[in-house]
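This report refers to the structure that appears directly beneath it.
Bear in mind that the values here come from a model prediction, so they are computed numbers and not experimental data.
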Amino acid sequence: MEEYKSKFKSKQMDYLCDAVLSLKTKEECYRFFDDICTINEIKALEQRLQVAKMLKNKKTYMDIASETGASTATISRVNRCLNYGSDGYKIVLDRLKNK
């Protein structure tokens, strides 16, 4: 796979990516995200991933907003990323297909 040219590539971002990739268990993930993010930041990430999953499963904006509490702006942004983004959601959702 060709190296991805990120808009925010830096040594510091590489270090963050390495940190996330070093985590081995869900408990380690919980501990790391608890320390590095606010509750609102974690909830926003969690919500966006659920929105992406539901969009991929052809749910309507109304259903998604009702179930996740996401605004239509958030749903639209996630949808735009799914269709025209960097394939990050696609990679993760394909790997988590059976969960």
So salt bridge (Lys or Arg N to Asp or Glu O under 4.0 Å) across residues 77-91, not counting sequence neighbours, yields Lys90-Asp94

Besides Leu82, the hydrophobic cluster formed by Ile, Leu, Val, Met, Phe, Trp and Tyr side chains linked at under 4.5 Å, directly or via other members, contains Leu49, Val51, Met54, Leu55, Tyr61, Ile64, Ile75, Val78, Tyr89, Val92, Leu93, Leu96

* Asked: Quick check: are there more than 12 heavy atoms from other residues, nucleotides or ligands sitting under 6.0 Å from OH of Tyr30?
  -> no

Residue set satisfying side chain to side chain donor-acceptor pair (under 3.5 Å) with Asp14, at least two apart, ordered chain then number -> Lys9

Note to self: I'd like to know if the side chain of Thr68 and the backbone of Ala70 have a donor-acceptor N/O pair within less than 3.5 Å.
What the structure shows: yes

Residue pairs passing the side chain to side chain donor-acceptor pair (under 3.5 Å) test with at least one member in residues 15-28, sequence neighbours excluded, are Glu27-Arg31

Without swapping roles, check the side chain of Ser76 against the backbone of Thr72 for a donor-acceptor pair under 3.5 Å. yes

Does one hydrophobic cluster hold both Ile42 and Ile36, with members joined at side-chain heavy-atom distances below 4.5 Å?
yes

Sorted by chain and number, sequence neighbours left out, side chain to side chain donor-acceptor pair (under 3.5 Å) with Ser10 holds for Gln12

* Gln50 side chain to Gln47 main-chain N or O, any donor-acceptor pair under 3.5 Å? -> no

>> Hydrogens and angles aside, do Asp63 and Thr60 bring a side-chain donor and acceptor to less than 3.5 Å of each other?
In response: yes

Across all chains, not counting sequence neighbours, the side chain to side chain donor-acceptor pair (under 3.5 Å) partners of Asp34 are none

_For Lys59, I'd like to know if atom NZ has over 12 heavy atoms of other residues, nucleotides or ligands within 6.0 Å._
no

